[in-house]
Amino acid sequence: MTLTRLSRQKPPSLFITVRFLTRHLSTSKLRDHYSFQPPPSLSLDPQKSKSNSNSHKKQKPKYRPPSSLDQIKPIYSDLPFDFRFSYTESSPTVRPIGLREPKYSPFGPGRLDREWTGVCAPAVDPKVKSLEGTEDPNLEAKRKLLRGRIQGAPLTEAERKFLVEKWRDGLTHNMLNDIHNHWKFAEAVRIKCLGVPTVDMKNVCTQLEDKTFGKIIQRHGGTLILYRGRNYNRKKRPVIPLMLWKPQEPVYPRLIKTTIDGLSIEETKEMRKRGLAVPVLTKLAKNGYYGSLVPMVRDAFVVSELVRIDCTGFERSDYKKIGCKLRDLVPCILVTFEKEQIVVWRGQDYKPPEDGHFFTDREFFDDPGCDMERSDE
């Protein structure tokens, strides 16, 4: 009885198979009728679909490491000044007495159309100006013409204040190439200066305006706001080749001599002992702002012939550069750099300088006629 009933029923697997075939045939008829083509992602052949999808893509070339044998076209730059690693920490008027390394160009071999002299890549013939520090007068005229063309009409007071308020919290980088990169998207850039160059902020401002053809519209301590100019065209920005490494500094004459001019050996030794024993004028913070250091030393020379500045924790090259700037700006005579101290002497016939022109803590450049207006805020 039970067996008879089971034999009369249809097997379930056979029913499902017949139903699937019916659906498949109906789908195939629709595909033939409407010419339906499935997308590559639903294709039955994955290799074929992968090849079809990659056929429209451009093949990426295989990586090839750079080689010195490759013929690279040298970069040409018409900027009318010599390329140096630093424009503020080194002086072009001081002639080195030797080089620490061969004259390998930090721009890379054959990448620049200027010859590297070991100190700079001059804009004129290096045989005429290599290490002498004399400039071609035509370069100065070309710089002024190019800067005047880019700047256009001077900013009004309202325009200057608008830019200062807008870019007060801007970027803090002082590389020439980065300044031009920021000028692509902003009219002004904020630059924060720290360390050795801030001893002579007047030179920092001069070098920035001279090398970028921009205009400093405000200065507060070591913070500058540099304006690009009304007629600045980012598509015609100057070509600034990038240095690939930091070149070794050349060998300069000794800053501390065995005997100070006008004194004997015994008097020089005695003065160095007294200099290390005088009270400290100030203790410099590493990578700080030193814009008020020169006036402080000049004021101290009114009551004392020796001045000591504490530079504990500094690199030896840094406080040597600070001492060199003090020697030229105060002016004074360097006595010793022992025990991370800068000791300077005012000299036998010291007279306070009459010009006494220093940058104040805060400067506004409002009036186009006088080019600047100082405030004692």
Side-chain angles (χ1 to χ4, degrees), residues 81 83-91 147 150-151 155 159-229 232 234 237-238 240 242-243 246 282-296 309 311 313-315 317-322 324-326 329 357-366 371-377:
F81 55 85
F83 294 156
R84 292 175 171 268
F85 178 77
S86 175
Y87 297 102
T88 55
E89 293 194 8
S90 61
S91 175
R147 185 167 179 267
I150 295 174
Q151 283 295 308
L155 288 174
E159 290 173 330
R160 185 203 61 80
K161 288 184 177 180
F162 171 77
L163 289 174
V164 170
E165 292 298 327
K166 186 176 181 181
W167 306 111
R168 185 174 297 276
D169 299 326
L171 302 166
T172 59
H173 211 287
N174 60 350
M175 299 300 293
L176 299 181
N177 189 66
D178 289 339
I179 289 175
H180 283 280
N181 287 339
H182 296 318
W183 276 347
K184 289 181 181 180
F185 313 102
E187 294 179 276
V189 60
R190 179 174 175 263
I191 302 173
K192 190 172 183 180
C193 305
L194 297 173
V196 177
T198 59
V199 177
D200 188 4
M201 282 302 299
K202 184 177 180 180
N203 179 52
V204 173
C205 296
T206 301
Q207 293 295 334
L208 278 174
E209 291 186 342
D210 186 52
K211 300 303 185 295
T212 63
F213 307 109
K215 176 68 177 177
I216 296 175
I217 58 176
Q218 188 189 31
R219 186 188 70 84
H220 185 194
T223 303
L224 314 170
I225 296 182
L226 189 63
Y227 173 60
R228 67 184 182 183
Y232 181 81
R234 61 183 184 182
R237 53 170 287 182
I240 303 177
L242 299 179
M243 289 190 180
K246 179 180 178 180
T282 182
K283 184 182 187 322
L284 300 181
K286 192 173 182 179
N287 294 326
Y289 173 69
Y290 315 134
S292 60
L293 185 59
V294 173
M296 290 176 62
I309 302 169
C311 300
F314 278 58
E315 297 288 340
S317 60
D318 287 345
Y319 58 78
K320 277 189 172 183
K321 292 175 182 177
I322 294 176
C324 184
K325 289 182 179 293
L326 291 176
L329 296 174
H357 173 70
F358 296 106
F359 276 5
T360 56
D361 251 359
R362 185 189 296 264
E363 285 186 319
F364 298 97
F365 302 81
D366 290 333
D371 195 38
M372 67 176 61
E373 177 184 340
R374 292 183 174 82
S375 174
D376 294 328
E377 298 179 12

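- Rounded to the nearest 0.5 Å, atoms CG (Leu226) and CG (Leu208) are 6.0 Å apart.
- Note that OG1 of Thr198 and CG of Asn203 are 11.5 Å apart. Values are rounded to the nearest 0.5 Å.
- Residues satisfying the side-chain contact (heavy atoms from CB on, under 4.5 Å) test with Thr282, not counting sequence neighbours, are Leu284, Leu293, Met296, Ile309.
- Under the side-chain contact (heavy atoms from CB on, under 4.5 Å) criterion, Asp210 pairs with Arg143, not counting sequence neighbours.
- In summary, of the residues considered (Glu209, Met201, Lys192), a side chain to side chain contact (heavy atoms under 4.5 Å, CB included) with Leu224 occurs for Met201 alone.
- Under the rule for a side-chain contact (heavy atoms from CB on, under 4.5 Å), the partners of Ile150 that lie at least two apart in sequence or sit in another chain are Leu146, Phe213, Tyr232.
- Under the rule for a side-chain hydrogen bond (donor to acceptor under 3.5 Å, both in side chains), Asn287 has no partner lying at least two apart in sequence or in another chain.
- For the residue pair Val189 and Trp183, the shortest heavy atom distance occurs at CG1-NE1, 3.6 Å.
- For the atom pair Ile216 CD1 and Tyr227 OH, the distance stands at 14.5 Å (nearest 0.5 Å).
- Every residue meeting the side-chain hydrogen bond (donor to acceptor under 3.5 Å, both in side chains) condition with Tyr319, not counting sequence neighbours, appears here in chain and number order: Arg316.
- Every residue two or more places apart in sequence or in another chain that forms a salt bridge (Lys or Arg N to Asp or Glu O under 4.0 Å) with Lys321 is listed here: Glu89, Glu249.
- The line from CD1 of Ile225 to NE2 of His220 is 11.0 Å long, rounded to the nearest 0.5 Å.
- Here the CZ-NZ distance, from Arg84 to Lys211, works out to 9.0 Å after rounding to the nearest 0.5 Å.
- In this structure, the side chain of Tyr87 does not engage the main chain of Val204 through any donor-acceptor pair within 3.5 Å.
- Taking the six-membered ring wherever Trp is involved, the centroid distance between the rings of Phe83 and Phe85 does not fall below 6.0 Å.
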